[in-house]
Amino acid sequence: MRKPMTNLDLAKNIFQTMVLGTVGGWLGSCLYLWWDYQADPGFYAMQSAPWWVGLVVRTAAFGLLLAADFGLYWAVRRWLSRREKR
């Protein structure tokens with residue numbers, strides 16, 4: 001029989017979902033920007049920065065958010081392992 005799910009187990013599952021959602025959101029937005037550029041490159045020619053600068057900015061924000069997600073996930077896993085050792 002399975003042991004009942006604690007609040008920390010639930011938090012671990014939520015943080016796993018957050019990590020996957022962050023990766024999926026970043027990948028989807030980057031693919032959409034590339035697709036939009038391929039469909040209408042003239043629109044991006046009017047901007048002062050190249051079209052790929054948006055990808056760089058999104059990737060930097062993605063890295064920060066992913067680091068926060070993994071940090072929270074690591075903390076919850078550590079609390080769970082300490083609780084199981086008792």
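Remember, it's a predicted structure, so these values are computed and weren't measured experimentally.
If you chain together hydrophobic residues whose side chains sit under 4.5 Å apart, Leu27 and Phe62 fall into the same group. Residues Leu65 and Met18 do not share a hydrophobic cluster, clusters being chains of Ile/Leu/Val/Met/Phe/Trp/Tyr side chains in contact below 4.5 Å.
Judged as a side chain to side chain contact (heavy atoms under 4.5 Å, CB included), and not counting sequence neighbours, the contacts of Trp74 are Arg78. For Thr59, the side-chain hydrogen bond (donor to acceptor under 3.5 Å, both in side chains) partners two or more places apart in sequence, or in a different chain, are Trp26. Partners of Leu72 under the side chain to side chain contact (heavy atoms under 4.5 Å, CB included) rule, at least two apart in sequence or in another chain, are Phe15. With sequence neighbours left out, the side-chain hydrogen bond (donor to acceptor under 3.5 Å, both in side chains) criterion links Ser29 to no other residue. Remark: Leu10 engages Met5, Ile14 in a side chain to side chain contact (heavy atoms under 4.5 Å, CB included) (not counting sequence neighbours).
Separating the CG atom in Asn7 from the CH2 atom in Trp79 is a distance of 12.0 Å, to the nearest 0.5 Å. Distance check: Arg82 CZ to Leu8 CG gives 12.0 Å after rounding to the nearest 0.5 Å. Atom-to-atom distance recorded for Lys12:NZ and Thr6:OG1 is 9.5 Å, nearest 0.5 angstrom.
The 12-atom threshold is exceeded at CZ of Arg58, counting heavy atoms of other residues, nucleotides or ligands nearer than 6.0 Å.
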With a cut-off of 3.5 Å and sequence neighbours excluded, list every side-chain donor-acceptor pair involving residues 31-56.
from	atom 1	to	atom 2	distance (Å)
Asp36	OD2	Tyr44	OH	2.6

